[in-house]
Amino acid sequence: MNATAMTILCLVSAIAQADDAAPVARADVLLVVGAEGAPEYGAPFAAWADRWEAAAAGGNARVTTIGRPITPLPPREGPGEGLRVADEADPIEPADRDRLREALAAFEEKSDAPLWIVLIGHGTFDRREAKFNLRGPDFSADELAEWLAPIERPLAIVNCASASGLFVEALSRPGRVVVTATKSGNETDFARFGDFLSQALLDAAADLDRDDQTSLLEAFLFASRRTAEFYEQEGRLATEHAQLDDNGDGRAVRAEDFRGVRPIAPAIEDSLPDGLLAHQWHLVLNAADVQLSNQQRQRRNELERALFRLRERKPELEEAEYLRRLEPLAVELARLYAADGRQ
């Protein structure tokens, strides 16, 4: 039996030994529903937010929703527990902008638990800066970047608004995932990407690699494809082109830069290609991932990215050297899944 086969056998054996679930710090989801602008947009935005809340409940995440004119939920324990902070009777004081800043300041700054920030609504671009439209004063990409600066935890920002493309450059940082509905600030028409993205969260068809969970990358690819199909079927010129950045270089990619879930766009210098980190973000975890703590899952993700780098270098390495570098990575992966490797 060669070294590669032995490593795979070790990994499979270790996974089979995994026992009871490790404690997992709950993810936080901050939903921001912006001003509807016109009455016909209120119902769609509410539907998108409903799907995100349903997915968050399925993932046992804490949910904070800003901007929805709904009655606060009574306190309760269990999946989907959270805070809805908007009140239709008092949409001005405090303004949603202030509610957003307060909510961000209230989150734990240093944590292993993921934080999702989802912006649902309209955006604008005045040739100088891009903004997300709230009830009351809006906020710009640069302002959001400033508010997020103290947060040192896994962070994904999903901006489903028109004119959202410029948020990538402002928000891109190592360890962050940034998704926008448009490729620039000039795509200012109503963006449908957010509709299809929210559908992907609850649609098994979006699980492209069939691992029983839908990653943020898979949802992005699903929604991008459905958005393109909409414009094709309507015989209309597409006015939105979603993009994703997750390697911190501020240079986003689009759905056509992937074959399946594998990135095909070349990375710049020594950076990893976009898409690898986003494919490790899941709002609802499968049975295997639930067994891991947040720390173990983060380490697993680091090892998987290291394996990707190694596979990319395989053509330039001798087989013995490749196997020598592969073995410790695969063995540590096995130990993460094994009962005796839990912390």
Side-chain angles (χ1 to χ4, degrees), residues 4 154 156-160 164-169 171-184 187 191-194 196-197 199-201 203-232 237-283 286 300-317 319 322 325-326 329-330 333:
T4 302
I157 307 109
V158 181
N159 189 340
C160 302
S164 55
L166 294 181
F167 276 66
V168 167
E169 183 177 355
L171 300 176
S172 178
R173 300 286 189 282
R176 284 185 186 176
V177 182
V178 184
V179 174
T180 63
T182 75
K183 65 179 181 180
S184 70
E187 294 185 323
R192 292 169 172 80
F193 172 79
F196 298 115
L197 186 71
Q199 292 179 33
L201 300 171
D203 191 337
D207 179 14
L208 300 178
D209 61 8
R210 299 295 183 262
D211 66 347
D212 296 323
Q213 56 186 355
T214 298
S215 69
L216 182 51
L217 172 64
E218 290 171 321
F220 166 80
L221 295 172
F222 175 94
S224 298
R225 183 175 67 250
R226 290 293 178 86
T227 302
E229 289 172 353
F230 167 83
Y231 287 99
E232 290 172 3
L237 181 67
T239 56
E240 56 184 295
H241 301 83
Q243 58 179 9
L244 177 149
D245 172 83
D246 68 3
N247 64 5
D249 66 1
R251 299 168 63 93
V253 296
R254 304 210 332 239
E256 52 264 39
D257 294 315
F258 294 85
R259 183 176 295 114
V261 296
R262 186 174 180 81
I264 57 176
I268 298 176
E269 296 179 350
D270 293 330
S271 64
L272 287 167
D274 285 306
L276 296 182
L277 182 60
H279 194 40
Q280 296 173 330
W281 270 77
H282 302 88
L283 191 51
N286 64 18
R300 187 273 313 276
N301 293 346
E302 292 171 357
L303 291 168
E304 288 183 347
R305 294 194 293 271
L307 282 169
F308 179 90
R309 283 186 184 273
L310 181 59
R311 285 194 298 267
E312 292 295 294
R313 293 195 59 197
K314 185 176 181 180
E316 63 189 66
L317 297 173
E319 182 178 5
Y322 173 75
R325 298 187 186 192
L326 172 66
L329 297 174
L333 270 173

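To the nearest 0.5 Å, the span separating CG on D245 from CZ on F167 amounts to 14.5 Å. Separating the CZ atom in R305 from the CG atom in L307 is a distance of 11.5 Å, to the nearest 0.5 Å. Between atom CZ of residue R254 and atom NZ of residue K183 there is a gap of 5.0 Å, rounded to the nearest 0.5 Å. Rounding to the nearest 0.5 Å places CG of D257 at 8.5 Å from CG of D274. Atom-to-atom distance recorded for H241:NE2 and F193:CZ is 12.5 Å, nearest 0.5 angstrom. In this structure, CD in E304 is found 8.5 Å from CZ in R311, a value given to the nearest 0.5 Å.
A side-chain donor-acceptor contact under 3.5 Å links R176 to the backbone of L171. In this structure a side-chain-to-backbone donor-acceptor pair under 3.5 Å is missing from N286 to D212. Not one N or O on the side chain of D207 forms a donor-acceptor pair closer than 3.5 Å with the backbone of T214. Under a 3.5 Å cut-off, the side chain of D246 and the backbone N or O of L277 do form a donor-acceptor pair. A donor-acceptor pair is defined here as one N or O able to donate and one able to accept, closer than 3.5 Å; no such pair exists between the side chain of Q213 and the backbone of H282. In this structure, the side chain of N247 does not engage the main chain of P273 through any donor-acceptor pair within 3.5 Å. A distance-only check finds a donor-acceptor pair linking the side chain of T182 to the backbone of S164 [under 3.5 Å].
In this structure, E187 does not pair ionically with R192, as no charged nitrogen and carboxylate oxygen lie closer than 4.0 Å.
Scanning both residues, A200 and F222, for their nearest heavy atoms gives CB-CD2, 3.4 Å. Residues H279 and S215 come closest through the heavy atom pair ND1-OG, 2.8 Å. Between I264 and F258, the closest heavy-atom pair is CG1-N, 3.8 Å. R251 and D249 make their closest contact through N-OD1, 2.9 Å (heavy atoms, listed as atom of the first residue, atom of the second, distance). Minimum heavy-atom separation, A252 to V168: CB-CG1, 4.1 Å. Smallest separation of non-hydrogen atoms from L221 and G260: CD1-O, 3.3 Å.
Using bins of under 30°, 30° to 60° and over 60° for the plane-to-plane angle, the ring pair F196/F230 lands in the tilted bin.
R210 CZ: more than 12 foreign heavy atoms inside a 6.0 Å radius.
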Salt bridge (Lys or Arg N to Asp or Glu O under 4.0 Å) between R262 and E312, intermediate numbers included: CA-CA 12 Å; R262 186 174 180 81; E312 292 295 294; 2.7 Å; yes

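By the 4.5 Å heavy-atom criterion applied to side chains, C160 and L197 are counted as neighbours. With contacts defined as side-chain heavy-atom distances shorter than 4.5 Å, the pair L310/L317 qualifies.
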